[in-house]
Amino acid sequence: MFFGGKISFEKVVREHQASVRRLMLTLTKGDDMLSDDLAQEVFIKAYMSWNTFRGMSSMKTWLFRIAYNVFYDYTRATHTDIVAYDNEYEHEQHVYRDNSDKLFDINNAMQMLSLSERLCVTLALIEGEKIKDVARITKMNENTVKSHIKRGKEKLATYLKKNGYGK
């Protein structure tokens with residue numbers, strides 16, 4: 001079955017599910033189950049609103065915008081203050097389980113960032129989105145996006161240096 005007459009929906013999911021899930025893990029501070037549920041909701045919404053995709057951005061950028069809206073809607077529906085995802089660092093053992101100490105340290109450092117910093121750093125530096133696309137996804141000014149990335153990188157560097165990296 002062809003989705004939108006151009007590409008199969010299965011292919012869209014296959015190509016972008018890892019990126020959407022990584023973004024959700026970032027937004028939820030590593031809550032695996034919630035991230036999976038929200039990522040699934042992203043693809044349901046994408047399927048239901050395929051006719052709104054105009055190709056003015058990449059498919060990935062469009063999915064990230066939907067993902068951010070899904071996360072925001074989740075916080076409103078559950079009466080979870082978005083600030084709860086923006087609080088200072090809280091050590092949680094379930095964050096990105098991996099045997100690699102370096103990956104664990106980087107993910108712990110990411111949790112120290114504000115929600116806006118995590119979002120911008122993830123989209124720009126991890127997912128490779130352009131600043132203008134990050135601004136479109138987050139509905140932030142490009143200079144604000146740049147500031148969040150700069151502050152996020154500084155916080156990450158400081159945390160990692162304190163933990164023995166980069167010496």
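Quantities reported herein were computed from a predicted structural model and do not represent experimental measurements.
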Could you measure the distance from the [atom1] atom of [X] to the [atom2] atom of [Y]? Nearest 0.5 Å is fine.
X      : Y      : atom1 : atom2 : result
Lys153 : Leu113 : NZ    : CG    : 12.5 Å
Lys162 : Thr158 : NZ    : OG1   : 6.5 Å
Met24  : Phe64  : CE    : CZ    : 10.0 Å
Met59  : Lys11  : CE    : NZ    : 10.5 Å
Asn141 : His148 : CG    : NE2   : 10.0 Å
Leu27  : Thr122 : CG    : OG1   : 7.5 Å

message: If the test is side chain to side chain donor-acceptor pair (under 3.5 Å), which one of Arg22, Arg21, His16 qualifies with Ser19?
response: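 That would be Arg22; it is the only one of Arg22, Arg21, His16 passing the side chain to side chain donor-acceptor pair (under 3.5 Å) with Ser19.
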message: Quick check: is Ile66 connected to Met56 through a chain of hydrophobic side chains (ILVMFWY, heavy atoms under 4.5 Å apart)?
response: no
message: Do Val70 and Met33 land in one hydrophobic cluster if side-chain heavy atoms of ILVMFWY residues count as linked below 4.5 Å?
response: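 Each belongs to a different hydrophobic cluster.
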query: Is Met140 close to Cys120 at the side-chain level, that is, under 4.5 Å between some pair of heavy atoms?
result: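 Touching, per the 4.5 Å side-chain cut-off.
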query: Taking the side chain as C-beta and beyond, is there a heavy-atom pair between Leu34 and Tyr74 under 4.5 Å?
result: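 Side chain of Leu34 against side chain of Tyr74, heavy atoms only: contact under 4.5 Å found.
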query: Going by distance alone, is a donor N or O of one side chain under 3.5 Å from an acceptor N or O of the other, for Glu129 and Thr61?
result: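 Per modelled atom types, Glu129 and Thr61 side chains form a pair under 3.5 Å.
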query: In terms of side-chain heavy atoms, does Ser147 have a donor or acceptor partner in Thr144 at a distance below 3.5 Å?
result: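 Absent: no donor and acceptor within the cut-off.
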Say whether, by atom type as modelled, one donor and one acceptor occur between the side chain of [X] and the main chain of [Y] under 3.5 angstrom.
X     : Y      : answer
Thr75 : Tyr72  : yes
Lys60 : Glu127 : yes
Gln17 : Arg14  : no

query: Who pairs with Phe43 by ring-ring contact (aromatic ring centres under 6.0 Å, His included), at least two apart in sequence or on another chain?
result: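 So Phe43 forms no ring-ring contact (aromatic ring centres under 6.0 Å, His included) with any residue.
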- request: Please work out which of the three classes, parallel, tilted or perpendicular, describes the rings of Trp62 and Trp50, given edges at 30° and 60°.
  value: perpendicular
message: For a side-chain contact (heavy atoms from CB on, under 4.5 Å) check, start with the C-alpha distance between Gln111 and Lys29, then their side-chain angles and the critical distance, and finish with the verdict.
response: CA-CA 6 Å; Gln111 303 315 311; Lys29 296 180 90 173; 3.1 Å; yes
message: If I compare all heavy atoms of Ser49 with all of Thr52, which pair ends up nearest, and what's the gap?
response: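 Heavy atoms only, the tightest pair is O-OG1, 2.6 Å.
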field: Closest approach of Val42 to Ala67 (non-hydrogen atoms, all atoms of both residues)
entry: CG2-CA, 3.4 Å
- prompt: Salt bridge check: are Asp133 and Arg136 linked by an N-O gap of less than 4.0 Å?
  reply: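 So Asp133 pairs with Arg136 through a salt bridge.
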- prompt: In terms of side-chain geometry, is the basic nitrogen of Lys132 or Glu142 positioned less than 4.0 Å from the acidic oxygen of its partner?
  reply: no
- request: Decide if atom CD of Glu41 counts as having more than 12 heavy atoms of other residues, nucleotides or ligands within a radius under 6.0 Å.
  value: yes
task: Would you please test Ser116 and Leu119 for side-chain contact (heavy atoms from CB on, under 4.5 Å) and show each step?
output: CA-CA 5 Å; Ser116 297; Leu119 178 61; 5.7 Å; no
task: Take Val12 and Leu63 through the test side-chain contact (heavy atoms from CB on, under 4.5 Å) and record every step on the way to the result.
output: CA-CA 10 Å; Val12 170; Leu63 289 169; 4.1 Å; yes
task: Could you go through the side-chain contact (heavy atoms from CB on, under 4.5 Å) check for Asn143 and Lys146 one step at a time?
output: CA-CA 5 Å; Asn143 288 330; Lys146 289 176 187 177; 4.1 Å; yes
